[in-house]
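Residue numbers begin at 1 in each chain, while the letters A, B, ... track the order of the sequences.
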Amino acid sequence: MDAIERLVEEKLGRGVQDLVPREELVAKLRRSKETGKPLRVKLGIDPSAPHLTFGHSVPLRKMRQFQDLGHTGVLVVGDFTRRIGDPSGRASTRALMSEAEIERNMATYKDQAFKILDPVRTEVVYNSTWLGAMTFADVIQLTAKYTVARMLERDDFAKRYAENRSISVLEFLYPLAQAYDSVAIRADVELGGADQLFNLLVGRDIQREYGQEPQVALTVPLLVGLDGERAMSQSTGNYVGIGESPKEMYGKLLSIPDTLIESYFDVLTDVDVESLKKEIHDSPRDAKRRLARTLVTKFHSAAEASAAEAEFDRIHVLHERPADVPQKTLDRSKLKGDGAIWVIDLLLASGLVKSRGEAKRVIEQGGVRVNEERIESSDVDVPFHPPVLVQVGKRAFVELV
RNA sequence: GGAGGGGUACCGAAGUGGCCAAACGGGGCGGACUGUAAAUCCGUUGGCGAUGCCUACGGGGGUUCAAAUCCCUCCCCCUCCA
């Protein structure tokens, strides 16, 4: 085994779901080393989601590994494909987005992605550049290069076809468009989540049809979300965002089921998992805290990680008020003659409840505290001597002044 | 072109004249428990200072003392045959 084979074995091939074909990656790396020409490593990104989650960070980290070896990361923004909808999800086509919206999303996206990627070795391109320029004849030519039977190999299509559920022709075009992106940017490697394997493979065939050397398809496992069940995604809400505050990030990570600790270390950090197995097993609490600290440190700083940890303990372990509570100014017209205020109005003013009904409900359920005193009845007035600390549930605080 | 099925709350789904602010599940929220914002269990889940009123079962119109439920009409979605 030579150095390059070892590299693929020990680094690039680690934490990977599929790598096909492995030998081609070795060959490409070898040639790149000889010629000094960096490989072009593609990752398609969806411009509809401005916020990246830890799930996105998995392929991004893989791209960074390539960049650290001198290769070029190419982020392909799917601003054009966005308009035809992604068949991998539900069958519904998503709404169109304006260019301005896409631009705005991409700005925050890049901001977050560059916390992981090396900006110097990253190209950001928009697939409308080439897809938008194609004529109908070009499209027909593209469709001629793939067959219906091969499309139906895709599990999702096969199932729906067998069940007599609809598959629009448009959905067949999606993998082709994505494949053509690979042609347009001359991709050597395409990265993606495990659910993208089919699309990446179509890319190989289409590149070959256009006289290019096929890309290597490298997929990473889909990160399981905070609920420990479904893949992490923004639509299910079981995610941690790369751009989230230290406090949120820390808290969310501590809420993952213990069974996820090991895999999170594995795909999200550079920590050697082997050395942690004992701790994970013997003291999941400490391992999880270490995980949260490691990740907050990575995306923020060590100091902020410590602060987030201290804050978490303060609220959840010691049940004390958080260090800084958002303040709101009370509209004085709600005050009664004696300077007191009806609790319901106080809660409403805090913005912690949406309606009087909800306010009454949380009071009945014993979830409301004013100045750390539990409120037992919704039929009381409290004297208003600002600041007044209002708490709903365990972790929602507002100070009224 | 023909035949049929369907649009119900945040989502899925039941309900086919009054007992329906609408079963049940998911989600959300609160509580208990906990190392945890996990798991589990319990409760709760349209609005209104409220034994009543308002809004709500795709849109509009109608029948009725009473409509998510019946009639008319419009819009939208899906399936099968061609």
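Rounded to a whole angstrom, the distance from the C1' atom of B/C24 to that of B/G15 is 11 Å. The C1' atoms of B/A39 and B/C33 are separated by 11 Å, rounded to the nearest whole Å. For the P atom pair drawn from B/G5 and B/C10, the interatomic distance equals 29 Å after rounding to whole Å. Using C1' as the reference atom, B/A50 and B/G4 are 48 Å apart when rounded to the nearest Å. Atom C1' of B/G62 sits at a distance of 36 Å from the matching atom of B/C81, rounded to the whole Å.
OP1 or OP2 of B/G47 lies within a sub-4.0 Å distance of a side-chain N or O belonging to A/R361. Regarding contacts with the backbone of B/U36, every side-chain N or O of A/R289 stays at 4.0 angstrom or more from both OP1 and OP2. Applying the 4.0 Å criterion to OP1 and OP2 of B/G31, one finds that A/K394 has a side-chain N or O inside that range. In this model, the phosphate group of B/A37 is approached by a side-chain N or O of A/H316 to a distance below 4.0 Å at OP1 or OP2. A sub-4.0 Å separation between OP1 or OP2 of B/U36 and a side-chain N or O of A/S255 is absent.
When heavy atoms are screened at a 4.0 angstrom cut-off, A/G357 is found touching the sugar-phosphate backbone but no base atom.
Side-chain polar atoms of A/K62 and A/Q65 form a donor-acceptor pair below 3.5 angstrom. Residues A/D266 and A/S263 have side chains that never bring a donor and an acceptor to within less than 3.5 angstrom of each other.
Of all nucleotides listed (B/A37, B/A38, B/G49), B/A38 comes nearest to the side chain of A/P257.
Taking 4.0 Å as the cut-off between side-chain N and carboxylate O, A/R289 and A/D313 count as a salt-bridged pair.
Nearest-nucleotide mapping onto RNA chain B: of A/W342 and A/V317, the residue sitting toward the 5' end is A/V317. Residue A/M249 is the one, among A/D379 and A/M249, whose nearest nucleotide of RNA chain B lies closer to the 5' end (criterion: closest heavy atom).
Aromatic pair A/F172/A/Y146: ring centres not closer than 6.0 Å.
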